[in-house]
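Every number for a ligand or one of its atoms is a count from 1 in the order of the listing. All of these numbers come straight from a predicted model, not from anything done at the bench.
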Amino acid sequence: MATVHKINEDLVKERQKCTFNVQELTYLLDGGEEVTKERREFENILRNVKELQDEVPEVYLSHKERYENAVRKTCILQNVRNDFEKKREVLSPRNIFRAGYAVIKDVSPFFLHNGMFVPTIIGQGTPEQQAEWLPKAKAMAIIGTYAQTELGHGTFIRGLETTATYDAKTEEFILNSPKVTSYKWWPGGLGTTVNHCITVAQLYINGKKYGIHPFIVQIRDLETHKPLPGIKVGEIGPKMGFATANNGFLGFQNFRIPRKNMLMKNAQVLKDGTFVKGMNEKLTYGTMVMVRVNIVSDSAFHTAMAATIAVRYAAVRHQSQLKAKEPEVQIIDYLTQQHKLFIAIATSHAFSNTYTWLYQAYLKVVEDLGKQKQDHLPELHALSCCLKATSSRDAGVIVEQCRLACGGHGYMASSNLPIIYGYTTAAITYEGEHTVLLLQTARYLMKAWMSALEGKVLAPSVAYLVDWLKSDKQRWQNTPEVIVKGFQHVAAGKIKDAFDAIQKHVKAGKDYEDAWNLASVQLIKASEAHSRAILCDGYLRETVRTSSSVSPSLAKVLNHLVQLYIVYWTLETAGDLLVYSNIGKDDIAVLKEKYEELLALIRPNAVGLVDAFDISDEILQSTLGSYDGRVYERLMEEAMKSPLNKEPVNQSFHKYLKPFIKKAKL
Ligand SMILES: CCCCCCCCCCC/C=C/C(=O)SCCNC(=O)CCNC(=O)[C@H](O)C(C)(C)COP(=O)(O)OP(=O)(O)OC[C@H]1O[C@@H](n2cnc3c(N)ncnc32)[C@H](O)[C@@H]1OP(=O)(O)O
Ligand SMILES: Cc1cc2nc3c(=O)[nH]c(=O)nc-3n(C[C@H](O)[C@H](O)[C@H](O)COP(=O)(O)OP(=O)(O)OC[C@H]3O[C@@H](n4cnc5c(N)ncnc54)[C@H](O)[C@@H]3O)c2cc1C
């Protein structure tokens with residue numbers, strides 16, 4: 001029987017102070033009581049699977065052992081999931097995603113199968129293609145990944161070099177990687193796990209190039225798992241994080257696949273080699289849009305994980321005295337600590353709220369595309385780019401801030417903060433590099449500005465540009481609504497400045513492309529300001545919307561959090577607001593006080609707020625952040641698992657140290 005430990009007394013007191021119902025907030029964050037129950041039930045089943053408990057912490061395993069252990073556990077997880085889903089409805093994707101952390105400390109080698117392979121078959125395949133591959137993929141009779149990036153090109157996908165040449169005689173495509181730079185590089189699970197992949201390649205028919213298209217390719221024998229003839233595949237080696245994601249490389253040499261393997265929901269190649277264009281060639285990029293939307297949700301979760309660890313630790317940790325002769329204080333009582341941590345909680349809420357509406361917008365576009373309507377696609381692309389970029393970047397900063405807030409112990413692998421950081425920082429690059437995505441949004445913003453100048457009606461997310469052009473800047477008030485308008489003014493001002501900068505360079509004789517490059521620092525700043533305005537506006541709206549359907553005590557806390565988020569960003573960007581809005585120095589001074597008041601208001605609820613994220617110890621996997629707060633005991637228990645502590649004297653003493661010391665004595 002597992003030993004039940006006493007909960008740390010500080011945490012007990014913190015939980016007694018909480019002014020709202022923690023469970024009510026958990027249900028709200030999960031999207032309903034039923035979702036929470038489903039999640040807890042599944043996590044509980046996993047908790048009791050003995051084979052999922054690691055005897056040796058993953059960190060002490062070799063690269064190879066770590067991978068093999070991850071595959072072993074991922075297979076068990078999949079089987080448990082299949083059994084669970086046989087009895088009930090299919091688990092929600094977010095619940096599956098969360099449960100994965102309880103099983104594998106790092107990233108699953110199946111991450112890309114569920115994250116991109118299956119969604120691409122759904123998003124890019126015809127009904128016939130879906131009927132052929134989806135049942136096998138969903139049952140994991142075939143395991144796949146998404147192989148787009150190459151050694152030479154990741155961002156500029158029109159420049160990909162893998163070729164798919166159509167041979168009308170045999171009705172096949174011939175895949176080739178002409179140069180070393182054409183090798184696929186990065187796809188998760190590709191190294192040694194998957195037997196299929198979606199390969200994105202340049203289509204050639206009768207010597208003519210038709211751009212990039214997705215192909216479903218079997219790369220390994222289903223029985224022996226050996227690479228098929230014409231396939232060169234392997235693992236790319238250790239990285240900063242993603243230790244068990246099994247990222248791989250892949251090259252093709254005259255590798256033939258049947259015509260039906262080109263995913264043809266959009267463009268098609270007919271038997272005789274006729275190319276039929278799709279409604280919009282950018283629909284080929286559809287899976288990336290979906291994943292960018294999901295990354296906003298991932299960012300919310302990673303921020304919640306880091307906040308949970310750091311807030312609980314800050315409640316348990318005592319260090320230094322505020323006043324002489326008084327006991328050492330809980331570090332959470334230092335205002336600077338609250339400044340580091342409470343924004344982490346609020347940020348997670350901001351991203352969850354943003355994901356809620358962004359995902360609805362995504363579903364609406366998918367529905368519209370089904371009816372051949374694509375009016376909202378450019379706006380969704382622009383939103384998903386800047387919100388992916390900003391949420392992953394902010395999450396990276398917040399996770400690092402939480403690590404710093406844990407002092408030296410935050411640097412321990414057993415705190416789990418390094419792994420969480422590895423995860424969040426990877427997301428800043430993958431699925432569209434940060435700057436590149438901000439520039440995609442900037443492209444949309446420049447067009448929107450032009451339309452605003454022409455008096456056209458704009459899409460809702462940029463409608464503030466028209467308001468800004470029409471009205472004088474509104475009189476400043478320190479209310480959340482007016483501050484959000486202030487963020488919109490900053491965004492509008494920066495968009496105008498970037499636009500004018502481009503025009504200035506063009507007037508001076510530059511090509512538009514060069515002018516764009518010369519203005520690109522301003523362009524990314526405009527895009528960032530737009531993201532912040534969208535995040536604050538959406539977070540405020542969602543909070544107002546939900547506040548009417550929750551208890552008054554919870555509504556009050558949610559209101560504190562959204563205000564904290566907005567005031568924090570006002571103070572962080574005060575310089576911009578002074579330039580572009582009517583805020584005055586005195587308003588900023590008042591907001592500084594307001595910020596301190598909000599920290600004080602949130603303080604009694606800090607532990608309750610992170611408890612409400614309801615991240616189980618198995619998922620958190622942190623010595624510093626466990627629910628019972630046994631920080632020091634756990635640190636010592638984990639240290640004792642070090643193989644170096646398994647013997648009183650390590651052999652290196654006899655081999656090297658002893659002779660070395662002896663020599664030094666002479
Ligand atoms: C809860 C569940 C959680 C699951 C989590 C799953 C996680 C999965 C893990 C993922 C691991 C990582 C995977 C990967 O990284 S896969 C590889 C990702 N690669 C990229 O993202 C590449 C980035 N590059 C691009 O997207 C394009 O090259 C780029 C957009 C930068 C440029 O493309 P292109 O050169 O073709 O286009 P232009 O810049 O010339 O623009 C032309 C117009 O096209 C519009 N456009 C561009 N992209 C899109 C799009 N996706 N949708 C709609 N429209 C698009 C663009 O706005 C231009 O329009 P205008 O001409 O009107 O301005
Ligand atoms: C952990 C991880 C997992 C991944 N998983 C997958 C996967 O499963 N499948 C897959 O296909 N890919 C995957 N990738 C690849 C990933 O999508 C690319 O690395 C990413 O899109 C960035 O492309 P790049 O590496 O070519 O960067 P580059 O484009 O070479 O970026 C280098 C620098 O150049 C700048 N730059 C590039 N273009 C421009 C521009 N137009 N304007 C201004 N600046 C520019 C960038 O801002 C950046 O600072 C993964 C990557 C990582 C790190």
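No side-chain donor from either of Thr390 and Glu528 sits under 3.5 Å from a side-chain acceptor of the other. No donor-acceptor contact under 3.5 angstrom links the side chains of Ser182 and Ser177, judged on distance only. Remark: the Tyr204 side chain and the Gln202 side chain contain no N/O donor-acceptor pair separated by less than 3.5 Å. Thr303 and Thr347 form no side-chain donor-acceptor contact under 3.5 Å, judged by distance and modelled atom types alone. If you check the side chains of Asn266 and Thr284, you find no donor sitting under 3.5 Å from an acceptor. Side-chain atoms of Tyr362 and Ser384 include no donor-acceptor pair closer than 3.5 Å. Using modelled atom types and a 3.5 Å distance limit, the side chains of Ser461 and Glu379 yield a donor-acceptor pair.
Considering backbone and side-chain N/O of Gly154, one or more are found under 3.5 Å from N/O of ligand 2. Checking only distances, Gly188 does come within under 3.5 Å of ligand 2, N or O to N or O. Residue Gly115 places no N or O, backbone or side chain, under 3.5 Å from any N or O of ligand 1. Here's the thing with Arg94: none of its N/O atoms is less than 3.5 angstrom from an N/O atom of ligand 1. Ligand 1 has a nitrogen or oxygen under 3.5 angstrom from a nitrogen or oxygen of Arg443. Looking at Thr155 next to ligand 1, an N or O pair under 3.5 Å apart turns up. By the 3.5 Å distance cut-off applied to N or O atoms, Tyr146 is counted among the residues near ligand 2. For Tyr430, no nitrogen or oxygen atom sits less than 3.5 Å from a nitrogen or oxygen atom of ligand 2, counting backbone and side chain alike. Polar contact check, His153 against ligand 2: no nitrogen or oxygen pair lies under 3.5 Å apart. Inclusion of Tyr285 in the set of residues having an N or O under 3.5 Å from an N or O of ligand 1 is warranted. By the 3.5 Å distance cut-off applied to N or O atoms, Thr155 is counted among the residues near ligand 2.
Counting heavy atoms closer than 4.0 Å to ligand 1, residue Val289 contributes side-chain atoms (C-beta onward) but none from N, CA, C or O. At a heavy-atom distance under 4.0 Å, no atom of Tyr444 approaches ligand 1.
The nearest protein atom to atom 19 (N) of ligand 1, hydrogens excluded, is given as Gln148 NE2, 3.2 Å; this is a heavy-atom distance. Distance from atom 20 (C) of ligand 1 to its nearest protein heavy atom, with residue and atom name: Met288 SD, 3.3 Å. Of the protein's heavy atoms, Asp298 OD1, 3.6 Å lies nearest to atom 3 (C) of ligand 1. Closest protein heavy atom to atom 34 (P) of ligand 1: Arg158 NE, 3.5 Å. Of the protein's heavy atoms, Lys282 CG, 4.0 Å lies nearest to atom 45 (C) of ligand 1. Scanning all protein heavy atoms for the shortest distance to atom 10 (C) of ligand 1 gives Glu431 OE1, 3.7 Å.
Closest heavy-atom approach to atom 11 (C) of ligand 1 within the set Leu112, Thr145, Val365: this belongs to Leu112. Atom 21 (O) of ligand 1 has its nearest heavy-atom neighbour, among Gly211, Ala245, Gly432, Gly159, in Gly432. Which of Lys447, His381, Lys388 comes nearest to atom 50 (C) of ligand 1 through a heavy atom is settled by distance: it is His381.
Residues in residues 512-522 take part in no side chain to side chain donor-acceptor pair (under 3.5 Å) pair, two or more places apart or across chains.
Close approach of ligand 2 to Gln148 is summarised as follows: ligand atoms under 4.0 Å from at least one heavy atom of the residue are 11 (O). Contact atoms of ligand 2 toward Glu431: 17 (O) (distance under 4.0 Å to a heavy atom of the residue). The contact set between ligand 2 and Leu112, taken as ligand atoms under 4.0 Å from a residue heavy atom, comprises 8 (O). Close approach of ligand 2 to Phe242 is summarised as follows: ligand atoms under 4.0 Å from at least one heavy atom of the residue are 1 (C). The ligand atoms of ligand 2 that sit less than 4.0 angstrom from a heavy atom of Gly432 are 21 (O).
For Arg98, there are no side-chain hydrogen bond (donor to acceptor under 3.5 Å, both in side chains) partners at least two apart in sequence or on another chain.
Salt-bridge check for Arg94 with Asp30: failed, with every basic side-chain N at 4.0 Å or more from each acidic carboxylate O.
Within the 4.0 angstrom cut-off, atom 35 (C) of ligand 2 has no protein heavy-atom neighbours. Within the 4.0 angstrom cut-off, atom 32 (C) of ligand 2 has no protein heavy-atom neighbours.
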